[in-house]
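Here the structure comes first, spelled out in structure tokens, and everything after it is commentary.
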Amino acid sequence: MAADEPLAYPIARTCPFAPPAEHAVLREQRPVAPVELPGGEPAWLVTRYDDVRRLATDPRVSADRGHPNLPLTEPVTPAGRAAIAAVGRSLIGLDGAEHAVRRRVLIPEFTLRRMRALRPRVQEITDQHITAMLAGPRPADLVTAVALPVTAMVICELLGVPYADREFFQERAAVQVRRGVDPAQRRQAGQELRDYLDDLVTTKETDRPDDLLGRLAGTVDHDTLAGLAMLLLIAGFESTASMIALGVADLLEHPDQLALLRAEPERTPAVVEELLRHLAIVDTMPRVVTADVAVAGTTIPAGAGLLLGFAAANHDPVAFGDAATLDTGRGARHHVAFGYGAHQCLGQNLARLELDVVLRTLMTRIPSLRLAEPITGLPFRTDASVYGVDRLPLTWGQP
């Protein structure tokens with residue numbers, strides 16, 4: 001393919017535990033590659049670790065969700081694009097000082113101190129769901145028995161969203177991250193979720209309960225709070241649930257690394273960091289360049305759409321030697337699985353807490369835990385903006 005010929009994007013994964021193999025070729029030969037999105041729009045894909053980190057902090061690179069050239073990796077209707085822009089105005093689509101002011105409102109809710117206080121409750125919720133799984137039939141599906149209910153219950157209690165409504169928002173959140181969904185269906189699911197949260201926020205503004213949404217009520221306007229609720233609710237369980245299921249599968253398929261964790265459970269935080277790097281479940285984040293930017297010998301013109309390749313960066317051998325190998329002793333804390341710069345994931349401390357508690361408890365409490373089906377036959381989400389697996393059958397006891 002000629003250097004200026006655009007590459008069709010997104011690229012599907014073929015390995016259960018790695019980003020698309022094409023990323024390695026791009027990093028070597030076309031580190032700033034022109035791509036064509038599903039709707040025919042052009043954009044640029046950046047795949048090297050140093051370039052991705054530099055662009056993530058470049059003031060000429062905007063997160064504006066309302067920009068018409070913002071690259072979207074799934075087809076959307078004009079109304080759907082407008083809805084994305086509206087939600088983005090609550091936080092993730094803001095730039096510079098405006099973003100910093102909004103982010104400061106939320107930071108106290110996700111500090112390490114607050115997460116330490118939350119740990120006993122996360123442990124209690126995890127223990128309850130693992131006990132229920134062990135009391136049920138074998139094999140059990142980890143996704144529906146532990147990964148989704150634990151993360152959903154934690155984010156519901158944190159935000160103050162009724163857990164009884166979990167099926168309603170889980171179904172609609174799942175539609176938002178699948179690329180193969182009809183654009184009109186995605187738009188309808190998003191609107192139904194937004195209507196639900198509008199009503200919930202109205203209640204919070206009246207009652208002012210001592211939960212995250214109740215504490216924020218009155219500090220930001222109604223639309224902003226409803227947009228934040230939507231962002232936090234979807235991001236708060238979908239991606240972490242995916243990491244829990246994939247992380248368990250990755251460890252079970254690498255018994256040498258699993259043995260290290262079981263021998264020294266206190267190493268779990270380091271194991272979590274390496275799993276975040278190795279699995280790299282979010283391929284890219286969309287941006288728009290507001291002025292000409294030169295990267296690796298290529299000039300990206302002002303107004304162009306840009307895809308920051310965080311998954312590719314996490315497998316860059318310059319930053320992580322033998323990057324394809326799961327090595328829980330490498331010290332991978334400098335990965336970019338949560339993004340980088342001002343927009344680095346606000347909820348990363350919560351995600352780390354949940355991954356630590358669930359992985360540590362599963363692996364120490366069930367020494368005979370194993371996959372009930374060959375890994376190659378499982379339904380991996382190769383068509384989603386957040387990679388994952390829809391079902392992870394596990395069993396335990398004597399083989």
For the atom pair CZ (Arg65) and CG (Leu94), what is the distance rounded to the nearest 0.5 Å? 10.0 Å
Glu253 side chain near Leu326 side chain, heavy-atom distance below 4.5 Å: no
Check the hydrophobic clustering (I, L, V, M, F, W, Y; side-chain heavy atoms under 4.5 Å; chains of links allowed) and say if Val389 and Leu252 are grouped together. yes
With the side chain counted from C-beta on, respond yes when Val122 and Met115 share a heavy-atom pair under 4.5 Å apart, and no when they do not. no
Consider only side-chain N and O atoms of His23 and Asp316, and report whether a donor and an acceptor are under 3.5 Å apart. no
I need the Arg208 CZ to Leu213 CG distance, nearest 0.5 Å. 12.0 Å
Side chains of Gln123 and Thr361: donor-acceptor distance under 3.5 Å anywhere? yes
Count I, L, V, M, F, W, Y as connected when their side-chain heavy atoms are under 4.5 Å apart, and connections chain through other members. Are Leu26 and Leu37 then in the same cluster? yes
Should Val105 and Thr219 be marked as a side-chain contact (heavy atoms from CB on, under 4.5 Å) after you check the CA-CA gap, both sets of side-chain angles, and the distance that decides it? CA-CA 8 Å; Val105 172; Thr219 66; 4.1 Å; yes
Assess whether atom CD of Gln128 is packed by more than 12 heavy atoms of other residues, nucleotides or ligands within 6.0 Å. yes
Is there side-chain contact between Val271 and Leu355, with at least one heavy-atom pair below 4.5 Å? no
Donor-acceptor pair, Arg27 side chain versus Pro317 backbone, under 3.5 Å? no
Using 30° and 60° as the class limits, which term best fits the ring planes of His334 and Tyr49: parallel, tilted or perpendicular? perpendicular
Cationic tip of Arg172 above Phe169 ring, under 6.0 Å, 45° of axis: no
Common cluster, Ile375/Leu142, ILVMFWY with side-chain heavy-atom separation under 4.5 Å: yes
side-chain contact (heavy atoms from CB on, under 4.5 Å) between Leu106 and Leu232, worked out: CA-CA 10 Å; Leu106 287 165; Leu232 295 171; 4.2 Å; yes
Taking the six-membered ring of Phe320 as reference, does the cationic atom of Arg277 (NZ for Lys, CZ for Arg) lie under 6.0 Å from its centre and within 45° of its axis? yes
With no hydrogens and no angle check, is any side-chain donor or acceptor of Arg287 less than 3.5 Å from a backbone partner on Ala56? no
Hey, quick one: are Leu193 and Tyr163 part of the same hydrophobic cluster, counting side-chain heavy atoms closer than 4.5 Å, chains of contacts allowed? yes
Non-hydrogen side-chain atoms of Thr240 and Val150 separated by less than 4.5 Å: no
Closer than 3.5 angstrom, by distance alone: can the side chain of Arg166 be matched with the main-chain N or O of Leu148 as a donor-acceptor pair? no
Heavy-atom closest pair, residues Pro31 and Arg48: CB-NE, 3.4 Å
Would you say Leu378 and Val143 are hydrophobically clustered, going by side-chain heavy atoms of ILVMFWY under 4.5 Å? yes
Checking Phe110 against Leu346 for the side-chain contact (heavy atoms from CB on, under 4.5 Å) test, could you report, in this order, the C-alpha distance in whole Å, the side-chain angles of both residues, the deciding distance, and whether it holds? CA-CA 7 Å; Phe110 295 96; Leu346 191 66; 4.1 Å; yes
Side-chain donor/acceptor of Thr203 to backbone N/O of Asp199, under 3.5 Å: yes
Under 3.5 Å side-chain donor-acceptor pair for Gln348 and Arg352: yes
Of Ile92, Leu231, Leu228, which is the lone residue that meets side chain to side chain contact (heavy atoms under 4.5 Å, CB included) with Val87? Leu231
Minimum-distance pair of heavy atoms, taken over all atoms of Pro209 and Lys204: CG-CD, 3.7 Å
Scanning both residues in full, the closest heavy-atom pair of Asn314 with Leu276 reads ND2-O, 4.2 Å
If you round to the nearest 0.5 Å, how far is OG1 of Thr298 from CZ of Arg30? 9.5 Å
Using 30° and 60° as the class limits, which term best fits the ring planes of Phe17 and Phe380: parallel, tilted or perpendicular? perpendicular
Donor-acceptor check, side chain of Arg186 to backbone of Arg178, threshold 3.5 angstrom: yes or no? yes
Side-chain (Tyr387) to main-chain (Pro16) donor-acceptor, under 3.5 angstrom: yes
Plane angle bin for His254 and His278 - parallel if under 30°, tilted between 30 and 60°, otherwise perpendicular: perpendicular
Kindly determine whether Glu157 and Met153 satisfy side-chain contact (heavy atoms from CB on, under 4.5 Å), including the steps that lead there. CA-CA 6 Å; Glu157 292 190 4; Met153 185 174 282; 3.8 Å; yes
Do Arg138 and Trp396 have side chains that get closer than 4.5 Å, going by heavy atoms? yes
Atom CD of Glu167: over 12 foreign heavy atoms under 6.0 Å: no
Classify the side-chain pair Thr151/Glu354 by whether it contains a donor and acceptor separated by less than 3.5 Å. no
Quick one, Arg81 and Pro183 - any side-chain contact, counting heavy atoms below 4.5 Å? no
Looking at CD of Gln257 and CG of Leu251, how far apart are the two atoms once the value is rounded to the nearest 0.5 Å? 8.0 Å
From CD (Glu274) to CG (Leu279), nearest 0.5 Å: 9.0 Å
Spell out, as yes or no, whether a donor-acceptor pair under 3.5 Å connects the side chain of Asn69 to the backbone of Gly303. yes
To the nearest 0.5 Å, what is the distance between CD (Gln170) and CD (Glu238)? 8.5 Å
Quick check against the 3.5 Å criterion: does Ser90 have a side-chain atom that pairs as donor or acceptor with the backbone of Ala86? no
Distance-only, no hydrogens or angles: does the Arg119 side chain make a donor-acceptor pair with backbone N or O of Leu353 under 3.5 Å? no
Please check if atom CZ in Arg89 has more than 12 non-hydrogen atoms from other residues, nucleotides or ligands closer than 6.0 Å. no
Can you check whether Val295 reaches Asp51 side chain to side chain, under 4.5 Å on heavy atoms? yes
If every non-hydrogen atom of Arg103 is compared with every non-hydrogen atom of Gln344, which pair is closest and at what distance? NH2-O, 2.8 Å
Which pair of non-hydrogen atoms, one from Leu307 and one from Pro71, has the smallest distance, and what is that distance? CD2-CG, 3.9 Å
What I'd like to find out is whether the side chain of Thr126 reaches to under 4.5 Å of the side chain of Ile130, using heavy atoms alone. yes
How far apart are the closest heavy atoms of Leu350 and Leu118, and which atoms are they? CD1-CD2, 3.8 Å
Checking Asp292 side chain against Ala302 main chain: does a donor-acceptor pair fall under 3.5 Å? yes
Charged N to carboxylate O under 4.0 angstrom, Arg13 versus Asp283? yes
